Structure formats: structure tokens, C-alpha cells
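Each chain gets a letter, A, B and so on, in the order its sequence line appears, and its residues count up from 1. Only a predicted model underlies this, so the values are computations on that prediction, with no experimental measurement involved.
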Amino acid sequence: MPSTPDFLSLLNSSQRQAVQHYCGPLLVVAGAGSGKTRALTYRIANLVLTHRVAPENLLAVTFTNKAAREMKERIEKLFAERTAQEKYGKPLEELAKHEQTKLRSQVYKTITKDLWVGTFHSLCARILRFEIEKYQDSKGRRWQSTFSIFDESDVQSLIKEIVIHQLNLDERKFEPRSVRYAISNAKNQGWSPQDLEREQPNFRGRVIASVYSAYQDALAANNGLDFDDLILVLVQLLQQNEQVLAYWHQRFHHILVDEYQDTNRTQYDLIRLLTTNGTEPQAFKSWAEQNRSVFVVGDVDQSIYSFRAADFKILLDFQQDFGDRLPDDDTRTMVKLEENYRSTENILAAANHLIDNNTERIDKILKPTRPAGAPIQCQRADDEIREAEFVVDQIRSLEQQQELNWGNFAILYRTNAQSRPFEEVLVRWGVPYTVVGGLKFYDRREIKDVIAYLRLIINPADTVSLKRVINTPRRGIGKTTVDRLVQAAQELGVPLWEIIRDETSVKTLAGRSARPIVKFAQMIEDLQAQASSVSASALVQEVLQLSGYTQDLQDQSTDEAEERLANVQELYNAVLQFEEENLEATLNQFLESAALASDLDNLGEGQTAVSLMTLHSSKGLEFPVVFLVGLEQGLFPNFRSLDDPAALEEERRLCYVGITRAQEQLFMTHTRERRLYGSREPASPSCFLEELPKQLLIGNGAGAGQRKTKRAAAKQPFQPALAKASSAPTGDWQVGDRTIHPEFGPGQITHVFGKDDKICLAIKFPNQGQKIIDPRAIALQRVQ
DNA sequence: AGATGACTGTTTTTT
DNA sequence: ACAGTCATCT
């Protein structure tokens, strides 16, 4: 084996430095389009080839399932290519088809199959299927390895039930939505209900903690976990069980994390436990001695998930947390990838210029490697219909004039609701398109119904699923009957299923509905018996037959029912495909992948349709031509961030992400007027448009920024405050200083970002958690 | 038990 | 504007 694998010659020097890194911690600061995916895949290949690391000792965390799949594919290809050269002396392409397939399946068997590549959620779910029965939470709740993964709507209805019926809280004061959000946030901080109560000892915090606790009871009773639990439960298990921790620590010698700027506390805790085995940094055995590494890749400028408790300060602290605490000279534990291979110089200039308005950054500038390219076209339209017409006109004429196909175009927006006018105009012209996000396949009612049957078969404690299907299709089992049975189950402290399967109980409790219930229970038991002997796809077929679901849809014979039927068929196809891709796939594995699937996963490489998606979904993708639409104050940046400097910076990062998706051409549009909740509202151009260099812009909206600035600025609560306070001394703030905030009360400074006119403070408030505050915008009182 | 119609709040982003 | 929820009616 050569000491320097050939693929290294394809890299620039920083990339090579990252790829060749062997042990210890390394932070790769990777700007947009700088080849970070390549760095990640090559490093994995290099570890296996040069350092003889066994694939099963590698753990790579990606942000989406799609990214995981692509990474595995790229690694597979890399190895197949090498073997082709070594064995046959020619490139993989030139081999006969069957030789290629043979090579690839060989690589799959020996390497990629054993790699642990996936999202935090899928990897944790996989580990929990082995380990969860060793877990017990602080209140003694337990789960079994057949646990269901509850989706967001399951969770919402559970919380709602608890808030309104179980704890009889005022629905207006404790909206299930916001309570759900608070609980999710707590879980992402690594807090149990007791921790939450300790962290937020005010009335609201205590009430939410009690909902949280009751919610965990409900989850345990259903043998179910929510998304956040997949990570939190594993972290808590590793914290409480030394043997389990030792095993998994021992297992993963090299841990790689992509999009590290978007990790939350709990995810960080997991990485930390796995890499350090729970010891303090001072007590690490030297990394080299153990041949271990933690390798994270990220870009603070692309941190756009703080609403789901991601915290880019985790990335900023990486070197201090995992480093050797020696003075850093930028080479020891950090590598910067700044050369951009994706976009034209003009696009990069715009991106660099925009992001320079942010204070919370690691200084970094994207260096162009490509020619200037076309200017950025900034267009104003009368309303959202005209905006859509403009965009689609451009797409159609570009597709005609240049050698572009529909798949080369993307329309990116801030909110999912903005897709509609674009869809209408695209349909009108017969342009093929795909909308990513919005209503997902697995969120459709008929799909959720079938999935609920499957969940119930595997996990009979899953009362949420049981209640969903007991009368779907109609079997004459009414709500009152079900309620009575639920009541009985609660009194006995057993899952609803235990009542339903017991004929005597049903007969005494259910009266005239007893007959259909007993029949239903027998059907489920029959399916359960088949589950162990029959393939997943065959079982789906059985469910559709025995439950009468297909029959019911056929009997309706409406257009809607027909579409549902087609979707159900599609689900069956998905199971078949899953079985093909994963030999010996179990039904449970399929359910897991369905629960964690996202819409993005289907967006293929050879896309032949225009892509429509939110800016959030577009992270990690690239398109020759990008349309950034709806650049209006209040929409983008979203109105909820206008009076919060930290939130506004996140919106700006989102805009930066959007701009850097474009390879050749970028269009930015805004409207004069927009429909909102049905009524027309005047709209003014986004402040981000003003922040772009004027000389790079063309189009009728290019100058729109400045004209309205004066009027618009006076209306925004944030800017006058900034102006007023800027005359006051900002003072020298330091970490540890105590202060009083007019709204949030007393707090302590935990971070200082930037200095002078770019200063920003992270302040921890006992009851509000941590906030980023601009001391020039808000009068902070000093406390000695 | 199930259908019909008024009413409400909803829009930020997602694994 | 509109989907989802709730109360009331058959």
C-alpha cells in the first residue's frame, strides 16, 4: 500500500492537512463550497487505507440521511476505483458492467457496510435498539427495544391531552405548541424534568416541568420515544452505565462530525462522552497513545438552526474543549478551508460583503477560484404573482438560451407557504418541478394509518397507534367505547392493548361494540404471529388485506380515495425498495427509517425538475442558477427577528447560505405588496439587499434598498434603539461581569464576541437561558 | 355514530 | 385564506 494515496494529489494544501490528520482533535473551518464533503470522505478513506483503521471503528455524523447516503456512496466509489486500478490497471468506468457491480459489492461487504455513518438521530436509534433495556430514568421509567419513534403530530396530541385533560391547565396560558417547544428545548439542553425545574424555578418553568414529567410517563407507557429522546436517552444511559459507555467509547476510535455549528448541547455531550469516556480533558491519555480522534467540520456563518437549540458557540469552544490547551497557532487544532470552488467571483463578493455585517464569527473569507461571472440580478415585482411570473420567465428563457436543464434551477424562500404562487405559474407553463419539504410523504393520513398498524404489531404498548387504527377503517367502534376501555386500562396500569386482547374484559366493558373489538384484536394477534416469520413487505400486504383498508378505499371510489390508494401502493413499493437496499431488513428497521426520513432524501443527483425549497433545506446543496425570493423586511428577515440582534444575525447567515448555493447566476427578488393572511400588505425591500455591494447588482430592484431606508428605519424598533444607545459608552465588558437587562433581569456574561463597534455579549439569565445581546442597542446596567 | 357548519389562529425554519 | 377544531344536529 503506498504511503501517500493517489487521491491526495487532487487536494489543496489545507484540504490535504485535514485529510491527513490522524489522531487528536481537529476543527475544520470550512466555508461554503470549499470541498468539505470531499475532505470528510477522503479522510475516512485515508484512515482505512493508510492507518489501517477498521471501518467499524469509524463514526461519522452527518446532518441529513441524504448526506449520509451520499458519503457512503462516495467512499464506495473511491475504493472501487482504487481496486480497479490496482487489479486491472484501468479506471472503473472502463470495466465491464458486471465487473463494476462485483467490485462495488465487494467494497460494500468489506468496508462501507461496517462504517457507522448517519445522522445523530439514526445512529442513536441504532445504538438504542441494542442498549435501551439497560436504561432507567431518574423516575424509574423504562423502555423496550421495540420502542416506537413518535413523530411530531403524535407528540403534539400527547402534550395537548396532558395540558388540557390531565393537568387541566389554561390552554391559553400554556399553549400546547409552546409547551412542546419548551420541552424540546429542555431535552436539547440535556435537561430532565427535574433539571428544567432547577434551571427555571419560576411558575411557568415549574408547570412546564410537570407537563414534561407527565409526558415522559406517557411516552414510557407507550414504549415510545420522540426525536429528542433518541439522543438524550442515549446520553443519560452512557452517563449512568459505565460498561455501556466503555463499550461504545472503545468501539469508535475516530469520530467525525459534519455541520458542527448546528449541534446542540445534548449532541455535544454525546460526542464528548464517546471521545473522552467521560474523563476530564486533563485526564485524557494522550490521543496518540490511543489512536483516537475527534474531527469536526463546520462553518459558523452557516449556523441556521438555533431555533432547534443548535448552538454555534459549541464550535467556537471546540479548541478549548478538546484541544491540548496550548497556545494556538492556527495549525495545531484548526484548519481553515477558504478556497471556494463553487461560485463565481461576483457571487462570492456579495456573500462575503453581506456576512461581514455579522459580529459573531470566526474571521474567514471565501477566496474565489473562478471568473467574475454575471452580475447579480435584483428584481422588484408588484406582488407575489408577478414575482413568480418573473422567476418562471427567466427560468424558461435561460433553459432555452443556455445549455441548462430544469434541474439546474432552484427557487429558495424563507417560508414554505411561499411556494404556492411559484407552483401555479410553473404548472401554467408546464415546467416540471419538485417541492422539497412541506407536507411529507410519511405525514399523509393514509400512510400514517398503515404505519400505525405496523407500529402496533411490533410494539403493542403503542396506544397512540392503537387508538388511531382501532376504528380505521370504520368497524363501529365508537369514541365512547374506546374511552371506557382507556379508562379501564389506566385504572389497571396496563397498556390499552392488554384490555383489548382480553375477551372477557372486552365483553364486560364494551357492550354492543364487543364483537368488532374482539375481531380486531384477533386480527392484530394474527398479524403479530406472522411478523416474525414473514418479510416486511409481505406483512404490509397482509395488513392492507386483513384490516380491510384497501377494500374500504376501493369501495369509496372517489378521486381522493384513489389517490390514497396510490399512496398506499407507493408505501408498499418503498418497503420493497428498502428490502432490496438492506438485505435482511426487518420491519422495525423500515419503520425507523420512515420515522427519520425527510423529503430531502429523495432529491436525486440527476434531478430533471426545478427545485423549490426553503433556505434551510437548501443547506449543503448547489445549483447553477438560484433565485432567492421574497427579500422583504418582515418576511426575510422574518419579523420575529427584527428586534433581536442575535436572531437578525441568524437571518443574515440564512441569506448567506442562500447566496452561496449559486454556482453561475444569482437572482434576488422582492415585491411591493404581498398577501398575508388573506389581506394585501405593503412590503419594503429587505435590509440585506442594502448590504450588498451596489456595483455587483443589476435589475430594477437593485437600487430599491436605499430609497426606502430612511422611512423604513424609523419604523423598526431595533435601529432607533441602536442609534440612541451608540452615544452612550459601551464600556469594556468581560466574561464573568454581572449585569441587569431591562427585560430579562440580572444575568452574567459568558462570552464576548467581537470588539468596539462590533461587540456582542452572550449573557446567561437564570430564568431565560442564554441570550446574545448587543450592548449598544440595549442599556445594560452594570452590577459590581 | 357520523356529518355539517361556524370558528379560530396561523407562518419561520426541521432531524 | 384556509385548514383544522369544536359544537351541534340528524
Participant: Would you mind telling me which of A:Arg653, A:Arg652, A:Arg361 makes a salt bridge (charged side-chain N to carboxylate O under 4.0 Å, His left out) with A:Asp301?
Facilitator: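 Of A:Arg653, A:Arg652, A:Arg361, salt bridge (charged side-chain N to carboxylate O under 4.0 Å, His left out) with A:Asp301 is met by A:Arg361 alone.
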Participant: Rounding to an integer number of Å, can you tell me how far A:Gln156 CD sits from C:dG4 C1'?
Facilitator: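 It is 13 Å, rounded to the nearest whole Å.
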Participant: Taking only residues two or more places apart in sequence or in another chain, which ones pass side-chain contact (heavy atoms from CB on, under 4.5 Å) with A:Glu622?
Facilitator: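 side-chain contact (heavy atoms from CB on, under 4.5 Å) list for A:Glu622, sorted by chain: A:Arg342, A:Gln663.
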Participant: Just to verify, what does A:Val427 make a side-chain contact (heavy atoms from CB on, under 4.5 Å) with, not counting sequence neighbours?
Facilitator: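 side-chain contact (heavy atoms from CB on, under 4.5 Å) list for A:Val427, sorted by chain: A:Tyr433.
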Participant: Considering residues at least two apart in sequence or located in another chain, which fulfil the salt bridge (charged side-chain N to carboxylate O under 4.0 Å, His left out) criterion with A:Glu387?
Facilitator: A:Arg674
Participant: Just the rounded figure in Å: distance from C1' of C:dA3 to CZ of A:Arg444.
Facilitator: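 So the two atoms are 16 Å apart, to the nearest Å.
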Participant: For residues A:Leu426 and A:Leu612, determine if any side-chain heavy atom of one lies less than 4.5 Å from a side-chain heavy atom of the other.
Facilitator: yes
Participant: Can you list every salt bridge (charged side-chain N to carboxylate O under 4.0 Å, His left out) pair that touches residues 155-169 of chain A, not counting sequence neighbours?
Facilitator: none
Participant: Looking at residues at least two apart in the chain, or sitting in another chain, which of them share a ring-ring contact (aromatic ring centres under 6.0 Å, His included) with A:Tyr212?
Facilitator: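 In terms of ring-ring contact (aromatic ring centres under 6.0 Å, His included), with neighbours along the sequence ignored, A:Tyr212 is linked to no residue.
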Participant: Between A:Glu681 (CD) and B:dT10 (P), how many Å, whole number?
Facilitator: 18 Å
Participant: Mind checking if A:Asn471 touches a base, just sugar-phosphate, or nothing, with heavy atoms under 4.0 Å?
Facilitator: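 Result for A:Asn471 = sugar-phosphate.
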Participant: Restricting to ring-ring contact (aromatic ring centres under 6.0 Å, His included), what partner residues turn up for A:Phe174, sequence neighbours left out?
Facilitator: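 For A:Phe174, no residue satisfies ring-ring contact (aromatic ring centres under 6.0 Å, His included) once neighbours in sequence are set aside.
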Participant: Extract from the structure each pairing of a protein N or O with an N or O of nucleotides 13-15 of chain B at less than 3.5 Å, listing the distance.
Facilitator:
from	atom 1	to	atom 2	distance (Å)
B:dT13	OP1	A:Asn416	N	2.9
B:dT13	OP1	A:Asn416	ND2	3.4
B:dT13	O2	A:Arg414	NH2	2.6
B:dT13	O2	A:His616	NE2	3.4
B:dT14	OP1	A:Thr614	OG1	3.0
B:dT14	OP1	A:Ser617	OG	3.1
B:dT14	OP2	A:Asn416	ND2	3.4
B:dT15	OP1	A:Ser598	OG	3.4
B:dT15	O2	A:His121	NE2	3.0

Participant: Protein-nucleotides 8-10 of chain C N/O pairs closer than 3.5 Å?
Facilitator:
none

Participant: Sequence neighbours excluded, which residues qualify as ring-ring contact (aromatic ring centres under 6.0 Å, His included) partners of A:Phe150?
Facilitator: none
Participant: Please give, in whole Å, the distance from B:dT11 C1' to A:Glu175 CD?
Facilitator: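 From A:Glu175 CD to B:dT11 C1': 14 Å.
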Participant: Given B:dA1, is OP1 or OP2 found less than 4.0 Å from the side-chain N or O atoms of A:Arg474?
Facilitator: no
Participant: In residues 475-482 of chain A, which ones come under 4.0 Å of DNA chain B, going by heavy atoms?
Facilitator: A:Gly478, A:Lys479, A:Thr480
Participant: With A:Gln302, which residues qualify under side chain to side chain donor-acceptor pair (under 3.5 Å), at least two apart?
Facilitator: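 Counting only residues at least two positions away or on another chain, A:Gln302 forms a side chain to side chain donor-acceptor pair (under 3.5 Å) with A:Asp299, A:Arg661.
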Participant: With sequence neighbours excluded, tell me which residues meet salt bridge (charged side-chain N to carboxylate O under 4.0 Å, His left out) with A:Glu563.
Facilitator: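 A:Glu563: no salt bridge (charged side-chain N to carboxylate O under 4.0 Å, His left out) contacts found.
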